[in-house]
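Here is the naming used below: chain letters follow the sequence lines, and residue numbers restart at 1 for every chain. Side chains included, hydrogens not; waters and symmetry mates left out as well; all remaining heavy atoms used. For clarity, every value in this text was computed on a predicted model and none was experimentally measured.
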There are 2 protein chains.
Amino acid sequence: MTRDAERDDDALRQFVETLALGLADMGWQRMAARVFAALMVTDSGRMTAGELAAMLSVSPAAISGAVRYLDQVGLISKERVPGERRDSYRVLDDMWYASFLKQDRLLKLWGETADEGIAVLGEHTPAGKRLAEMRDFFQFFAKEMPLLFERWHARRRDTG
Amino acid sequence: MTRDAERDDDALRQFVETLALGLADMGWQRMAARVFAALMVTDSGRMTAGELAAMLSVSPAAISGAVRYLDQVGLISKERVPGERRDSYRVLDDMWYASFLKQDRLLKLWGETADEGIAVLGEHTPAGKRLAEMRDFFQFFAKEMPLLFERWHARRRDTG
DNA sequence: CACTCATTTCACAAACTTGTGAAGACAATA
DNA sequence: TATTGTCTTCACAAGTTTGTGAAATGAGTG
């Protein structure tokens with residue numbers, strides 16, 4: 001019994017690291033990725049900073065930085081139960097939505113960068129045209145991504 | 001005349017750095033980003049390793065690593081004109097396609113990671129269900145991305 | 001208003017990345 | 001096969017990121 005529980009616990013921690021590694025490869029800060037992964041595999045979807053520090057074997061200071069970042073980008077929320085001294089952190093249901101809104105903003109930024117380049121190169125040069133194509137590409141995706149996300153939401157309403 | 005040419009040259013180099021910085025923020029290796037940006041703003045779309053090293057003021061060794069990476073991920077191709085000792089590197093026209101195929105592969109990988117987690121947590125636990133939703137999200141996008149890209153291609157055929 | 005527990009901030013240390021120089025490998029000519 | 005120009009590899013140094021410990025801050029309770 002104890003053996004099984006321990007084995008499960010190990011498997012769980014290992015999966016947290018796997019998931020976090022994947023997120024880190026996507027460009028997330030490592031600690032933020034580990035915290036997010038830890039919250040994802042919790043049934044309640046909530047943990048205190050202390051619990052997170054214990055689960056991940058890191059100092060409270062490291063947790064502090066990670067949760068601030070995750071909160072800023074809208075992937076988790078900070079909550080304090082009245083009459084508790086400790087903050088809880090919770091994974092948000094619409095976390096993917098937040099992450100895609102962010103991408104949308106980035107795509108727009110790329111369009112602007114391309115425009116800068118076109119101004120320097122001249123829009124009728126081959127290089128200028130190449131950048132114009134890049135700009136169009138990003139604009140296209142900036143427009144389509146939110147629509148795509150809408151469809152995902154709609155589908156989830158129907159299925160789940 | 002010389003003044004203007006110099007000024008343009010400066011503006012160009014500065015834009016190369018701007019573009020590279022953006023790519024680096026997206027998670028590209030810094031040197032790879034600079035090389036790619038340099039090729040993007042060239043009318044011919046082609047440069048030799050030596051030219052790249054000179055333009056970016058870095059050692060040939062740095063170029064070597066960067067072009068190998070860019071070649072691997074399919075964003076540039078290496079070419080050698082017969083009777084030349086130098087390799088040329090060229091930005092590919094379908095580079096965005098390559099980059100999106102790569103993303104597609106990544107999305108599938110995410111689905112598999114989620115499945116691992118579901119196996120550990122059990123699919124009927126709240127955490128298991130949360131991961132299942134993550135998997136569905138990635139699967140949905142893995143399926144839709146190529147279709148979206150098709151539409152981009154079609155649009156480009158019509159417009160350009 | 002003092003006490004206690006939890007979180008945050010800051011300076012520093014450890015670990016990792018990234019580019020360099022120098023030596024080696026490769027390919028085209030003669 | 002020797003020569004020359006180009007590219008690659010490798011060990012190392014510089015720079016950056018990342019997490020820690022200790023002190024400071026903030027919030028709830030008597």
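For A:Arg85 against D:dT29, a side-chain-to-base donor-acceptor contact under 3.5 Å is absent.
Taking the six-membered ring where the residue is Trp, the centroids of B:Tyr69 and B:Trp28 are separated by 6.0 Å or more.
The nucleotide whose nearest atom lies closest to any side-chain atom of B:Tyr89 is, among D:dA27, D:dT8, D:dT20, D:dT8.
Near DNA chain D, meaning a heavy atom under 4.0 Å away, the residues from residues 23-57 of chain A are A:Met31. Non-hydrogen atoms lying under 4.0 Å from DNA chain D are contributed by A:Ser59, A:Ala61, A:Ala62, all within residues 59-79 of chain A.
Separation of atoms CE (B:Met40) and CG (B:Leu23) is listed at 8.5 Å; rounding is to 0.5 Å.
Ring geometry for A:Phe137 against A:Phe141 counts as tilted: the plane angle lies between 30° and 60°, on a 0 to 90° scale.
A salt bridge links A:Asp87 with A:Arg80: the distance from a Lys NZ or Arg NE/NH1/NH2 to an Asp or Glu carboxylate oxygen falls below 4.0 Å. B:Arg151 has a carboxylate O that lies under 4.0 Å from a charged side-chain N of A:Glu144, or vice versa, which qualifies the two as a salt bridge. A salt bridge does not link B:Glu123 to B:Lys129: none of the charged nitrogens lies less than 4.0 Å from a carboxylate oxygen.
In this structure, the side chains of A:Val16 and A:Phe36 stay at 4.5 Å or more apart for every pair of heavy atoms.
In summary, the side chains of A:Ser88 and A:Arg46 do present a donor paired with an acceptor at a separation below 3.5 Å, with no hydrogens or angles considered.
Atom CG in A:Asp87 sits roughly 14 Å away from atom C1' in D:dT25 (whole-Å rounding). Rounded to whole angstrom, the span from the CD atom of A:Glu84 across to the C1' atom of D:dG28 amounts to 11 Å.
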